[in-house]
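Worksheet: the structure to be examined is printed underneath.
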Amino acid sequence: MNKATKGAIAAAAGALILAGGAGTMAAWNSQVGGNTTAVTAGSLNVTQTGTGSWTWADGTAFNPATDFLVPGDSVKYVAEYNITLKGTNLKAELVPTVGGVSGLLAPYLTATTAGATGNETIESSGTRTITTTVLFDPAKVTDNTSMDKPGSLNGAAVTLTQKLSS
């Protein structure tokens, strides 16, 4: 037998030994699972309570069908919102956004909200009162073009957002 043949036989035998050893594993092993525990996610919700109401700045009833705005007038939309927080560590932020004004009268009106502000942390369920104030801004009236203009008023839109723990 020559050297090349002996080398080929030795290489083949080594490959068989290595291949046979690659698939071996210890005959014993052990594994245990943890206990199963049921959990439920919390929730948050905001709903408007009732329909809200429009009033003049002094609190008397404002009837959009029969009352007319003039420069300097201010009307308010007041509504209550029910906040429900369900979660041990749940915190949220209530942010009102001006519902706004629209129509041909809109350029002469300024709307703002009160009763909740951004960055206010709410930690429990309850009720909040949000007020939207709309001013017929005399600073925006420079001539008679705002006379007899129609418009629409909207109360605040309210968003409740979870604040993540830091």
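In this text, all values refer to a predicted model and were calculated from it rather than measured experimentally.
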query: Got a sec, which pairs hit salt bridge (Lys or Arg N to Asp or Glu O under 4.0 Å) with one end in residues 123-137, sequence neighbours left out?
result: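 For residues 123-137: E120-R128.
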- request: Using the salt bridge (Lys or Arg N to Asp or Glu O under 4.0 Å) rule, collect all pairs that involve residues 53-68, keeping only residues at least two apart or in two chains.
  value: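 Of all non-adjacent pairs touching residues 53-68, none passes salt bridge (Lys or Arg N to Asp or Glu O under 4.0 Å).
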field: Single-linkage hydrophobic cluster Y81~L94, side-chain heavy atoms < 4.5 angstrom
entry: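 The answer is yes; both residues are in one hydrophobic cluster.
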query: Which of parallel (below 30°), tilted (30 to 60°) and perpendicular (above 60°) describes F62 and W56?
result: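 Plane angle over 60°, so perpendicular.
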Which heavy atom in [X] sits nearest to a heavy atom in [Y], and how many Å separate them?
X    : Y    : result
T84  : S125 : CA-OG, 3.4 Å
G72  : P138 : N-CD, 3.8 Å
K140 : T110 : NZ-OG1, 3.1 Å
L44  : L85  : CB-CD2, 3.7 Å
F136 : L109 : CA-CD2, 3.6 Å

Assess whether atom [atom1] of [X] is packed by more than 12 heavy atoms of other residues, nucleotides or ligands within 6.0 Å.
X    : atom1 : value
N35  : CG    : no
K86  : NZ    : no
D148 : CG    : no

